[in-house]
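Here's the structure, in structure tokens; my notes come after.
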There are 2 protein chains.
Amino acid sequence: MDFGGKIGDDHSRTIIHVDLDCFYAQVEMLKNPDLKDKSFGIQQKNIVVTSNYKARDYGIKKCMLITEAKKLCPNLILVNGEDLHDYKQMSQKVTSVLQKFTSNVERLGLDENYLDITNLVRDKNNEDINPIGHIFGDTSELCDCGCTIRIKLGSIIAQDIRNELFTELGLTSCAGIAHNKLLAKIVGSTNKPNQQTITFPDSAVELMLGLPSVSNITGIGQVLSQQLAKLNIKTVEDLQNSDLNVLIGTLGIEKGKMVRDLSFGIDNSPVKPTGKPQSIGIEDSCKTITEKEVLEKLTTLLQRLLILVEEDGRIPKTIKLTVRKYDKNTKFSNRETRQCNISTTLFDPKKLSILSESNEKKLLSVIMRLFSKVVDTRKSYHITLLGLSFTKFIEQINKNSLAMFLAKKSDLEVQSITNLKNTQDKPPSPKCIPSTSTVNSDSEAEHEPLSKKHKLGLLSKKRPQFSDSDDCESPSKLRVAELKLSGDSQNICCPPNADEQVFQELPKDVQKELWEDYKQSRDQERNLYSQATKKSKPNSILNYFVKQ
Amino acid sequence: MDFGGKIGDDHSRTIIHVDLDCFYAQVEMLKNPDLKDKSFGIQQKNIVVTSNYKARDYGIKKCMLITEAKKLCPNLILVNGEDLHDYKQMSQKVTSVLQKFTSNVERLGLDENYLDITNLVRDKNNEDINPIGHIFGDTSELCDCGCTIRIKLGSIIAQDIRNELFTELGLTSCAGIAHNKLLAKIVGSTNKPNQQTITFPDSAVELMLGLPSVSNITGIGQVLSQQLAKLNIKTVEDLQNSDLNVLIGTLGIEKGKMVRDLSFGIDNSPVKPTGKPQSIGIEDSCKTITEKEVLEKLTTLLQRLLILVEEDGRIPKTIKLTVRKYDKNTKFSNRETRQCNISTTLFDPKKLSILSESNEKKLLSVIMRLFSKVVDTRKSYHITLLGLSFTKFIEQINKNSLAMFLAKKSDLEVQSITNLKNTQDKPPSPKCIPSTSTVNSDSEAEHEPLSKKHKLGLLSKKRPQFSDSDDCESPSKLRVAELKLSGDSQNICCPPNADEQVFQELPKDVQKELWEDYKQSRDQERNLYSQATKKSKPNSILNYFVKQ
DNA sequence: AGGACCC
DNA sequence: TAGGGTCCT
DNA sequence: AGGACCC
DNA sequence: TAGGGTCCT
Ligand SMILES: Nc1ccn([C@H]2C[C@H](O)[C@@H](COP(=O)(O)OP(=O)(O)OP(=O)(O)O)O2)c(=O)n1
Ligand SMILES: Nc1ccn([C@H]2C[C@H](O)[C@@H](COP(=O)(O)OP(=O)(O)OP(=O)(O)O)O2)c(=O)n1
Ligand SMILES: Nc1ccn([C@H]2C[C@H](O)[C@@H](COP(=O)(O)OP(=O)(O)OP(=O)(O)O)O2)c(=O)n1
Ligand SMILES: Nc1ccn([C@H]2C[C@H](O)[C@@H](COP(=O)(O)OP(=O)(O)OP(=O)(O)O)O2)c(=O)n1
Ligand SMILES: [Mg+2]
Ligand SMILES: [Mg+2]
Ligand SMILES: [Mg+2]
Ligand SMILES: [Mg+2]
Ligand SMILES: [Mg+2]
Ligand SMILES: [Mg+2]
Ligand SMILES: [Mg+2]
Ligand SMILES: [Mg+2]
């Protein structure tokens, strides 16, 4: 079943992975353009969580200690990024832009998205085209199953997408295009920032072998890496050459097979459309606070959380408290959580962010009750982190969620915003389109080709404006392009409650039949019965229960 | 917020609870009618899990030890009931019958179902009617919010339902009708077997006070009972008179409020439509088996399990092993479980119950690997129970599940099978209709008014046949009855992905708008883009990864 | 993965 | 205590 | 409720 | 190490 890892490698899909450049830093530069020509980092307590590319020239790394960063770059400017509110907001805008291309968009963290664009590039049978951007690997022998042209077409869509992110939101990004998620993500990281790269299935092994260690493979984390290290498997090559039975022996059949497949660049995991969040939470670490400070902190956290809830729009059903206690031998993360359901009536559906005074007291008392389950409040205690999050929400059925639903079901719907003239005949105008093919991997790549009038105020509600006389065509006018999808199943949707992924894999005629069945069926109201006149006598007596 | 427990008691719904009489025993009597005039129990290892009502006359209780049962009734016949296959099959048939009345049917165990029949009795504005069956409580002062007539109408539907269960499946049952699940279930148990009982909101407190102890309240189990006992709360009256703040103090706000509400008969929990099972499992206890017997047992369990899977029709994604080790101080149940995902390709979609030889070996090896995670197989061990279950399944989108889906969405659709003449003008013919009003609570109530020709062979595929000349009208000819529902929203369905319960609570016009929106929206295929010709140069070099 | 609940 | 299930933590 | 994974 | 998230056990 498993010869060298090549068996079972599905070439049928085309996936784009989009990763924003130094995301938090970009958002801060949009908020304060003065930062653009300076080296700065985003500070969260003791660490620089990310930095702009100018700062990276000094050797600043993500999640570096402030002290170390300052050693490398004494003039480093620090911008506080402990409140993720603005980043989350921008992140959602990014995903919304991507969802205009396909509804099958999966988020990963705040700055990454996978798009399954198979439907957008399928069955074109086109003449060969030149892809946009970088190509990883050898191109002398390419697979002829159809994946090659699809991936090349994918590079055009990726350019579209990145253009749109830039013109609509002012954000630069990287993209990777491949036949699976793993490869798309990894290949996209080979040319940063503000570039895009494709790779074809035959280069997968080479791509994977370029990774420094197995832990660089998405899905292989600390624990798995350590387990593999015990088997003397440290590099991707080690993993490729490992004995599958040995892997299965210690990792189980599931992880064993998966991990080895990954080392060959094989990854059949689907792009799973990300819906509304499963949880909304905030946390704040602190230097060992005691006793009554806890209530204050929690009150503040709750206020902030409620704003996020209001932006989300759903009423939460469950609250969870996270506590980290001071612990000298802090090897393991030692967080503890308690959760409980909350009354949905605590919230005013018209204004989720503001609780009545009494409801706020109630919620806070619920929270403190959770706290007393974690901490023996009779003794003294030292807390180093408090978190609050809501999980589970009342399902919304408003216009918005209905629209969301419709978007999900119409997976074949796509809007292409490619400016064909630009991408075909001449290099993209630096005024509206992030450069790609002319960019090298050196640090000069970081320029942002924004016109002055294109300053996007993050805090202003308006979208960027374009003058008609600009030499860049308006990207907001969506174009219906010329290539037609073959195999279009017009007006066929995945019936509700049906698994969309499964549905998409069904033969077209079966899809059609299922959809027609669904449409035709309508409730017959037969819910009728007649009066009855039969008498019956009331029951009596205490302890009337038939025992057993 | 909480004065005596009366606040927040929602009278708007009408709920029927159906509970089959001595369920396993009834099924065995259908399989072997010779048992009908004998006292017998259903044996599972050392216990009598249930018995027919003839046996109960001797004092046999559910879950009684065999030894004790034999003392009470030395001639007790024992029928082995360790394999639940036939009971599960019949249970599903019961639920299917009930789903003809409303799609909102919630299962509880194998022999109980709740039906929310609000839509079937709503807004009738009818003249008063006489309810069918018993009435619990005082009827001199009844609530005039509309709940009274709805509950009375509910008794007619309950009779319909019980008739249908008897004529279609040969099963007798009890029903309780009230404005919430708690009361419906409890009031139904006041007259057993083969009877039905209604109660009105004003009798709720009296009904609850008739329960011997708080543990008789559904939702209050061993742990909660013990916690309450520590607070000196043992009877329902104790609970009603308890201090809510004290309850909240030890149980938390959630459980505290709920438990006290329950003691007053307040229960706003919705009837949640039961879909396909979340898990399918079997287990077998044994007298401390060792070493290699385990593989044999597991092999047999797997064979049996696969038959259930085939009957379910979905391909499982996860397997779970349960192990109970021998433990002298067996105070707590000490089961341990391990689970893992399994390859969906192990199964032949055409024949789920039969694995290829190599796939069976693979699955068994997966199972044994799970076993070795629980048990240190190097030492000797003593296992007293092995269980295997599948959890998580590939979502089906076949004709069956589509039909299921359609049934769910057409919640207003109902088929009434009432023989109006029978219920209105004369006592039900004992030949087809389970007696109700003529039945007393004595042991004579257990008769089954089946004609000889009405023997239902559980193992025969045929439904019971009725001769045309029978004095009972064919129950399989569904009748459209005379009472029309007001407020019918014809052809309005709950849009997919929308919470049906929420949807049902929306104003009719909003429901209509949402449904119309959904229907009108159709995908616009705009998924088109053009070729691009832009050149780009292939990338190069090993260890090309932009670090960080 | 275990716990509490239900039949 | 059998031999099933559900949802929560 | 905690664990492993991702950013 | 911050301050978020996801799904599994
Ligand atoms: N362990 C981490 C990793 C990242 N982030 C945040 C900060 C980043 O800005 C953002 C995106 O993560 P990336 O790894 O994509 O990093 P950047 O986008 O900042 O930089 P790059 O240009 O390398 O993608 O998530 C974080 O909070 N904690
Ligand atoms: N702890 C329990 C309780 C019940 N059952 C099984 C045997 C019963 O036949 C069936 C239904 O449970 P009931 O409590 O409804 O009992 P019966 O239907 O047997 O009797 P009754 O007529 O009292 O409802 O479930 C079980 O296996 N374990
Ligand atoms: N065996 C059970 C099943 C349910 N409930 C009660 C308590 C739960 O709080 C409530 C919620 O049931 P849901 O099915 O709605 O589950 P969730 O609370 O998880 O909501 P969601 O469906 O949004 O996940 O039902 C219970 O007490 N015991
Ligand atoms: N953080 C994550 C999320 C998912 N997965 C992988 C492993 C899971 O086995 C697989 C399944 O994802 P699903 O969302 O399909 O979840 P389930 O396996 O629970 O299926 P179901 O949706 O039927 O519950 O995804 C992972 O490794 N890490
Ligand atoms: Mg990233
Ligand atoms: Mg990034
Ligand atoms: Mg990793
Ligand atoms: Mg029962
Ligand atoms: Mg019963
Ligand atoms: Mg109880
Ligand atoms: Mg368990
Ligand atoms: Mg946790």
Side-chain angles (χ1 to χ4, degrees), chain A residues 19-20 23-24 42-50 62-66 81-84 87-88 91 106-112 185 218-224 255 272 274 277-285 318 320 322 330 332-341 385 387 389 392, chain B residues 19-20 23-24 42-50 62-66 81-84 87-88 91 106-112 185 218-224 255 272 274 277-285 318 320 322 330 332-341 385 387 389 392:
Chain A
D19 188 324
L20 277 345
F23 181 51
Y24 294 0
I42 303 295
Q43 177 173 203
Q44 289 171 332
K45 300 295 186 308
N46 297 325
I47 70 168
V48 178
V49 68
T50 194
K62 287 172 212 167
C63 300
M64 191 175 249
L65 287 175
I66 297 283
E82 286 163 13
D83 187 333
L84 305 194
Y87 314 140
K88 286 176 68 172
S91 174
E106 177 179 347
R107 312 181 100 227
L108 211 211
L110 293 189
D111 88 324
E112 297 180 27
K185 180 172 160 97
T218 313
I220 301 187
Q222 280 187 179
V223 172
L224 251 181
K255 295 255 171 195
K272 276 166 282 213
T274 302
Q278 306 294 308
S279 64
I280 302 176
I282 46 174
E283 60 184 44
D284 192 15
S285 63
T318 300
K320 173 155 66 175
T322 300
T330 180
F332 43 97
S333 60
N334 77 303
R335 288 155 126 92
E336 289 173 87
T337 66
R338 302 297 138 164
Q339 87 185 62
C340 71
N341 289 356
L385 179 144
S389 76
K392 296 182 192 174
Chain B
D19 187 326
L20 276 346
F23 181 52
Y24 293 1
I42 303 295
Q43 178 173 204
Q44 289 171 332
K45 300 295 184 313
N46 298 325
I47 69 168
V48 178
V49 68
T50 195
K62 287 172 212 167
C63 299
M64 191 174 248
L65 287 175
I66 297 283
E82 286 163 15
D83 187 334
L84 305 194
Y87 314 140
K88 285 177 66 171
S91 174
E106 178 179 346
R107 314 181 98 227
L108 181 54
L110 293 188
D111 89 323
E112 297 180 28
K185 180 173 160 96
T218 312
I220 300 186
Q222 280 187 180
V223 172
L224 252 180
K255 293 255 169 193
K272 276 165 284 211
T274 302
Q278 306 296 306
S279 64
I280 302 176
I282 47 175
E283 61 184 44
D284 191 15
S285 64
T318 300
K320 175 156 66 176
T322 300
T330 180
F332 44 96
S333 60
N334 76 303
R335 288 157 126 92
E336 288 172 88
T337 67
R338 301 298 137 163
Q339 86 185 65
C340 71
N341 289 356
L385 179 144
S389 77
K392 297 181 190 173

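What you see is a predicted model; the values in this text were computed from it and never measured. Every chain is numbered from 1 and lettered A, B, ... according to where its sequence line falls, protein lines coming before strand lines.
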**Report entry** Phosphate OP1/OP2 of D:dC8 contacted by A:Lys392 side-chain N/O (<4.0 Å)
**Finding:** yes
**Report entry** Within-4.5 Å side-chain heavy-atom neighbours: B:Val48 and B:Ile42
**Finding:** no
**Report entry** Counterpart residues, side-chain hydrogen bond (donor to acceptor under 3.5 Å, both in side chains), relative to A:Glu112 (two or more places apart)
**Finding:** A:His17, A:Lys185
Report task. Select one nucleotide: of F:dT1, F:dC7, D:dG5, the one nearest the side-chain heavy atoms of B:Ser279. Result -> D:dG5
**Report entry** B:Thr337 side chain, from C-beta outward: closest of D:dG3, C:dG2, C:dC5
**Finding:** C:dG2
Query - Pairwise side-chain contact, B:Arg107 with B:Ser91, heavy-atom cut-off 4.5 Å (strictly under) - result: yes
Query raised in the report: For B:Lys185 and C:dC7, is the shortest distance between a side-chain N/O and OP1 or OP2 below 4.0 Å?
Result: yes
**Report entry** Non-neighbouring partners of B:Glu336 that pass salt bridge (Lys or Arg N to Asp or Glu O under 4.0 Å), sequence neighbours left out
**Finding:** B:Lys325, B:Arg338
Report task. Return the nearest nucleotide to the side chain of B:Lys88; candidates are D:dG5, D:dA2, F:dA2. Result -> D:dG5
Query raised in the report: Listed by chain and number, what are the ring pair (Phe, Tyr, Trp, His ring centres under 6.0 Å) partners of A:Tyr24, not counting sequence neighbours?
Result: A:Tyr87
Query raised in the report: What nucleotide, of F:dT1, D:dG5, C:dG2, holds the atom closest to the side chain of B:Arg338?
Result: C:dG2
**Report entry** Candidates F:dG3, C:dC7, D:dA2 - which lies nearest the side chain of B:Leu108
**Finding:** C:dC7
**Report entry** Contact nearer the 5' end of DNA chain F, comparing A:Lys45 with B:Gln339
**Finding:** A:Lys45
Query - Among F:dC7, F:dA2, D:dA2, the nucleotide that comes nearest once only the side chain of A:Gln278 is considered - result: F:dC7
Requested in this report: Would you tell me if any nitrogen or oxygen in the side chain of A:Ser389 comes within less than 4.0 Å of OP1 or OP2 on F:dG4?
Outcome: no
Requested in this report: For C:dC6 and F:dG4, measure between their C1' atoms and round to the nearest Å.
Outcome: 38 Å
Query raised in the report: Considering only D:dT1, F:dG3, F:dA2, which nucleotide approaches the side chain of B:Ile47 most closely?
Result: D:dT1
Requested in this report: For B:Glu283, enumerate each residue passing the side-chain contact (heavy atoms from CB on, under 4.5 Å) test, keeping only those at least two apart in sequence or located in another chain.
Outcome: B:Arg335, B:Leu385
Query raised in the report: Looking at the side chain of B:Leu84, which of E:dG2, D:dG4, F:dG3 is the nearest nucleotide?
Result: D:dG4
Query raised in the report: Which whole-number value in Å describes the distance from B:Ile220 CD1 to C:dC6 C1'?
Result: 13 Å
Report summary line: By salt bridge (Lys or Arg N to Asp or Glu O under 4.0 Å), A:Asp284 pairs with (sequence neighbours left out) A:Lys45
Query raised in the report: Rounded to whole angstroms, how far apart are CZ on B:Arg107 and P on D:dG4?
Result: 14 Å
Query raised in the report: Nearest of E:dC7, F:dG5, F:dG3 to any side-chain atom of A:Asp111?
Result: E:dC7
**Report entry** Under-4.0 Å side-chain N/O to phosphate OP1/OP2 contact, A:Thr218 with E:dC6
**Finding:** no
Query raised in the report: To the side chain of A:Val49, which of C:dC7, F:dA2, E:dG2 is closest?
Result: F:dA2
**Report entry** Consecutive-pair stems (at least three Watson-Crick or G-U pairs, under 3.5 Å) that include DNA chain C
**Finding:** C:1-7 with D:3-9
